[in-house]
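Right, one structure below, let's go through it.
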Amino acid sequence: MPETSSATTRLLRIHGLVQGVYYRKSMCDAAQRLGVHGWVRNRRDGSVEALATGPAPAVQALIDWAHEGPPAARVERVEVNEAPPEALAGFIQRETV
């Protein structure tokens, strides 16, 4: 999906109590509701990493969701960086890195 004025791609790194609390599955559900494509995965350092691409308002809505996460999560901070667009279909969980 090429980045246009209405499409954006962001790399997120979510810190806090975000593993073992249904965070990745909940993010997939939120992304699908919002029409955002990408992926989410656990990191060995205890954080969660996600790539989100789609219409800028939808990506921002997912970033806003990431600051809260599912009920059991305790998000301390969310780092957001621009990322090059990737051709992605759907929103999937990837293996831990």
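Here, residue 1 is the first one in the sequence, and each next residue gets the next number.
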**Request:** May I ask you to test the Leu51-Thr53 pair for a side-chain heavy-atom distance under 4.5 Å?
**Result:** no
**Asked** Hey, does Tyr23 have a side-chain heavy atom less than 4.5 Å from the side chain of Leu17?
**Response** no
**Message:** Looking at Gln19 and Ser47, would you say the former's side chain and the latter's main chain have a donor-acceptor pair under 3.5 Å?
**Reply:** yes
**Item:** Minimum heavy-atom distance Val36-Ala52, with the two atoms named
**Value:** CG1-CB, 3.7 Å
**Prompt:** Hey, does the side chain of Ser26 reach the backbone of Tyr22 with a donor-acceptor pair shorter than 3.5 angstrom?
**Reply:** yes
**Item:** Note, Glu49 side chain near Leu11 side chain (heavy atom, < 4.5 Å)
**Value:** yes
**Complete:** Nearest heavy-atom approach of Val75 to Ala66 is CG2-O, 3.5 Å
**Prompt:** How far apart are the C-alpha atoms of Asp29 and Arg33, what are their side-chain angles, what is the distance that settles it, and do they pass the salt bridge (charged side-chain N to carboxylate O under 4.0 Å, His left out) test?
**Reply:** CA-CA 6 Å; Asp29 293 345; Arg33 280 193 308 273; 5.4 Å; no
**Fill in**
Distance col, row His67:NE2 vs Leu62:CG, nearest 0.5 angstrom, shows 10.0 Å
**Pair His15, Glu79: side-chain N/O donor-acceptor within cut-off below 3.5 Å** = yes
**Phe91 side chain near His37 side chain, heavy-atom distance below 4.5 Å** = no
**Asked** What distance do Ile14 atom CD1 and Arg77 atom CZ have between them, rounded to the nearest 0.5 Å?
**Response** 11.0 Å
**Asked** Would you find a donor on one side and an acceptor on the other, under 3.5 Å apart, between the side chain of Arg24 and the backbone of Val21?
**Response** no
**Asked** How about Arg43 and Thr96: do any of their side-chain heavy atoms sit closer than 4.5 Å?
**Response** no
**Item:** Short side-chain donor-acceptor distance under 3.5 Å, Thr8 and Arg10
**Value:** yes
**Message:** Can you confirm whether Asp45 sits close enough to Arg13 that some side-chain heavy atom of one is under 4.5 Å from a side-chain heavy atom of the other?
**Reply:** yes
**Request:** Check the hydrophobic clustering (I, L, V, M, F, W, Y; side-chain heavy atoms under 4.5 Å; chains of links allowed) and say if Trp39 and Leu12 are grouped together.
**Result:** no
**Message:** Same cluster or not: Leu88 versus Val59, using hydrophobic residues (I, L, V, M, F, W, Y) connected whenever any side-chain heavy atoms lie under 4.5 Å apart?
**Reply:** no
**Prompt:** Val80 and Val40: same hydrophobic cluster, using ILVMFWY side-chain contacts below 4.5 Å?
**Reply:** yes
**Request:** Check whether any side-chain heavy atom of Gln93 lies under 4.5 Å from a side-chain heavy atom of Arg41, and answer yes or no.
**Result:** no
**Message:** With a 4.5 Å cut-off on side-chain heavy atoms, are Met27 and Trp65 touching?
**Reply:** yes
